[in-house]
Amino acid sequence: MRPAHIYANLSDEQHTELVTALHQQWRVAARAVMVLLSAGGMSAAEIADVLHFDPRTVRRWIVRHGLEGLSGLPDRPRTGRPRLGSHGLGDRIRRLLNTPKAWTTARIWRALGRPNLSLRTIYRRTREHARWSRPRLIAKSDPDHDQICASIRDQITALPAGSVVLAEDETHLDLLARVRACWMPRGVRHRVMTPGTNIRRTVHGAVNLATGAWHHHVSVKNVSVVFCYFLDLLLAAYPDAPIIAVICDNGTTHHSGITKRWLAEHPRMALIEGARYSPQDNPVERIWAVLKQHIANTAPATMPDRVRQAHAFFRNRTNDQNLTTAAPWTSPWLPESYRQKY
């Protein structure tokens, strides 16, 4: 027995929906169907009646397929509306932004002479040549930077065999979380609890510029007595070294009267101060940066928990990791002969 014929039963809304799809998102497929129906013997008028096109449109796509094949059925590139703004607008915007200033879209528009363009157009043209980000603060350079670094290299070269060279610096641990940009699920913005009242601790740290060995001490305040105590810990860590040279910045605790008296009583310790306003010279700064990135966006309940975070961070790092992070060979403090060890 032959199966019964099946016909589509479409409502007016469904019919309109199908025709709209053939004229929009499925228009390339509809053009291919035109070619197939024409090859099957249907005229352009009949095909146009079925697919709700003009017969001229059907004939145009059949001819284009005959000339270009399947690659001729998709839409060809079209020239859009002429671009707003002159050809040199981008260059003018770039020249403006080369001068540091709190540039906003409205301020750029005013600096351009209030052209007859919307702020949205100015924003789009600016995005082609710029990005929205914060400027970077840099410290002014010490005018005697090169001479000081040369003096440090000479002092390191003159050290007796077996001496140890350390880079030292201090930073602060805050109970208040440092917030950094990070990946989050779409639709979710993480919330980091604040402690209400911030608590701060000082961390003294030193890295061995040859081995990568790390030494640190956490204290309540950054005072001269604590700094001398940390230097005493460094002396105990290298009991056989004839000289322990510690290179540091120009903090007040490094040349206070208390520190000078302590150094006079401990001749094995040589404290060398680097150039002013030159934190980029100190390899320990890079270790601090990695530490603060590691603990960012975390909110421990108490300050001891925050200190334990720092201890765990340093405990889980190897000497090779410390050397890679600190990259002491990039510091101008070290002589060429010392750099060749790496």
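As a basis for the values below, the full set of heavy atoms in this structure was taken, side chains included, without hydrogen atoms, waters or symmetry mates. For reference, positions follow the sequence shown, starting with 1. If you're wondering where the values come from, they're calculated on a predicted model, not measured in any experiment.
- The closest side-chain heavy-atom distance from Asn282 to Ile247 is not below 4.5 Å.
- Defined by atom type and a distance below 3.5 Å, a donor-acceptor pair is present between the side-chain atoms of Thr298 and Arg306.
- Residue Arg94 qualifies as enclosed at atom CZ: its count of foreign heavy atoms under 6.0 Å is above 12.
- Side chain of Arg127 to main chain of Arg124: no donor-acceptor pair is present (N/O by atom type, distance under 3.5 Å, no hydrogens or angles).
- The backbone N or O of Cys228 sits nowhere less than 3.5 Å from a side-chain atom of Asp232 that would complete a donor-acceptor pair.
- Side-chain contact between Arg31 and His65 is absent, with no heavy atoms from C-beta onward closer than 4.5 Å.
- For the 3.5 Å distance criterion, the side chains of Tyr238 and Asn208 qualify, holding a donor opposite an acceptor.
- In the displayed structure, Glu68 atom CD is contacted under 6.0 Å by more than 12 heavy atoms of other residues, nucleotides or ligands.
- Within the 4.5 Å cutoff, side-chain heavy atoms of Met303 are placed close to those of Arg201.
- Looking at Thr157, its side chain does come within 3.5 Å of a backbone N or O of Arg153 through a donor-acceptor pair.
- By the neighbour-count criterion of 12 heavy atoms within 6.0 Å, atom CE of Met193 is sparsely surrounded, having that number or fewer from other residues, nucleotides or ligands.
- Counting heavy atoms of neighbouring residues, nucleotides and ligands inside a 6.0 Å radius, atom CZ of Arg56 does not exceed 12 of them.
- No side-chain heavy atom of Ile108 sits under 4.5 Å from any side-chain heavy atom of Tyr123.
- Within 6.0 Å of CG on Asp12 lie no more than 12 heavy atoms contributed by other residues, nucleotides or ligands.
- Ala241 and Arg268 make their closest contact through O-NH1, 2.7 Å (heavy atoms, listed as atom of the first residue, atom of the second, distance).
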I would like to know whether Asp54 and Thr57 meet side chain to side chain contact (heavy atoms under 4.5 Å, CB included); could you show each step before the answer?
-> CA-CA 5 Å; Asp54 189 277; Thr57 302; 3.8 Å; yes
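- Of the residues listed (Val165, Leu166, Val164, Ile272), the one engaging Val246 in a side chain to side chain contact (heavy atoms under 4.5 Å, CB included) is Leu166, and it is the only one.
- Looking only at side-chain heavy atoms (C-beta outward), Arg308 and Arg315 stay at 4.5 Å or farther from each other.
- Shortest non-hydrogen contact noted between Pro328 and Leu334 is O-CD1, 3.4 Å.
- The closest donor-acceptor contact from the side chain of Ser151 to the backbone of Gln147 lies at 3.5 Å or more, if one exists at all.
- Residues Cys149 and Trp333 approach most closely at SG-CD1, 4.3 Å, considering heavy atoms.
- Under the 3.5 Å distance criterion, with hydrogens and angles disregarded, a donor-acceptor pair is assigned to the side chains of Arg317 and Thr325.
- Shown here is Asn98, whose CG atom has more than 12 heavy atoms of other residues, nucleotides or ligands within 6.0 Å.
- Here the side chain of Ser278 pairs a donor or acceptor atom with the backbone of Arg276 at under 3.5 angstrom.
- To the nearest 0.5 Å, the span separating CG on Leu117 from CG on Leu112 amounts to 8.5 Å.
- With no hydrogens or angles considered, a side-chain donor-acceptor pair links Ser133 and Arg131 at under 3.5 Å.
- The aromatic rings of His15 and His52 sit perpendicular to each other, their planes meeting at more than 60°, with 30° as the lower class boundary.
- Shown are Asp169, Thr253, Asn222; of these, the side chain to side chain donor-acceptor pair (under 3.5 Å) with His204 is made only by Asn222.
- How far CD of Glu168 is from CG of Leu271: 8.0 Å, rounded to the nearest 0.5 Å.
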Please report the C-alpha distance between Thr302 and Asp305 in whole Å, then the side-chain angles of each, then the deciding distance to 0.1 Å, and finally whether the side-chain hydrogen bond (donor to acceptor under 3.5 Å, both in side chains) criterion is met.
-> CA-CA 5 Å; Thr302 63; Asp305 292 333; 3.0 Å; yes
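- Summarising the geometry of His145 relative to Asp281, their closest heavy-atom pair is NE2-OD2, 2.6 Å, with the distance given to 0.1 Å.
- Relative ring orientation between Phe227 and His254 is described as tilted, the plane-to-plane angle lying within the 30° to 60° band.
- In this structure, Asn322 contributes its side chain and Val207 its backbone to no donor-acceptor pair below 3.5 Å.
- Side-chain atoms of Arg286 and Thr330, non-hydrogen and from C-beta on, do get closer than 4.5 Å to each other.
- Connectivity analysis of hydrophobic side chains (ILVMFWY, heavy atoms under 4.5 Å, direct or indirect) links Leu51 to Leu22, Val28, Val33, Met34, Leu37, Met42, Ile47, Val50, Phe53, Val58, Trp61, Ile62, Leu70, Leu73.
- Expressed to the nearest 0.5 Å, how far CG of Asn198 lies from CG of Leu176 amounts to 5.0 Å.
- At a threshold of 4.5 Å between side-chain heavy atoms, the hydrophobic network of Ile, Leu, Val, Met, Phe, Trp and Tyr places Trp288 and Val290 in one connected group.
- Using a 4.5 Å cut-off on side-chain heavy atoms (C-beta onward), Arg95 and Asp91 make contact.
- Checked by atom type and distance alone, the side chain of Ser163 never pairs as donor or acceptor with a backbone atom of Leu159 at under 3.5 Å.
- Across all non-hydrogen atoms, the minimal contact from Leu263 to Met269 is CD2-CG, 3.7 Å.
- The environment of Gln280 atom CD is dense: over 12 non-hydrogen atoms of other residues, nucleotides or ligands sit within 6.0 angstrom.
- Not one N or O on the side chain of Arg178 forms a donor-acceptor pair closer than 3.5 Å with the backbone of Ala296.
- Under a 3.5 Å cut-off, the side chain of Asn250 and the backbone N or O of Glu273 do not form any donor-acceptor pair.
- Remark: side-chain polar atoms of Trp103 are paired, donor with acceptor, to backbone N or O of Thr99 under 3.5 angstrom.
- In this structure the side chain of Lys101 never reaches within 4.5 angstrom of the side chain of Leu96, judged on heavy atoms.
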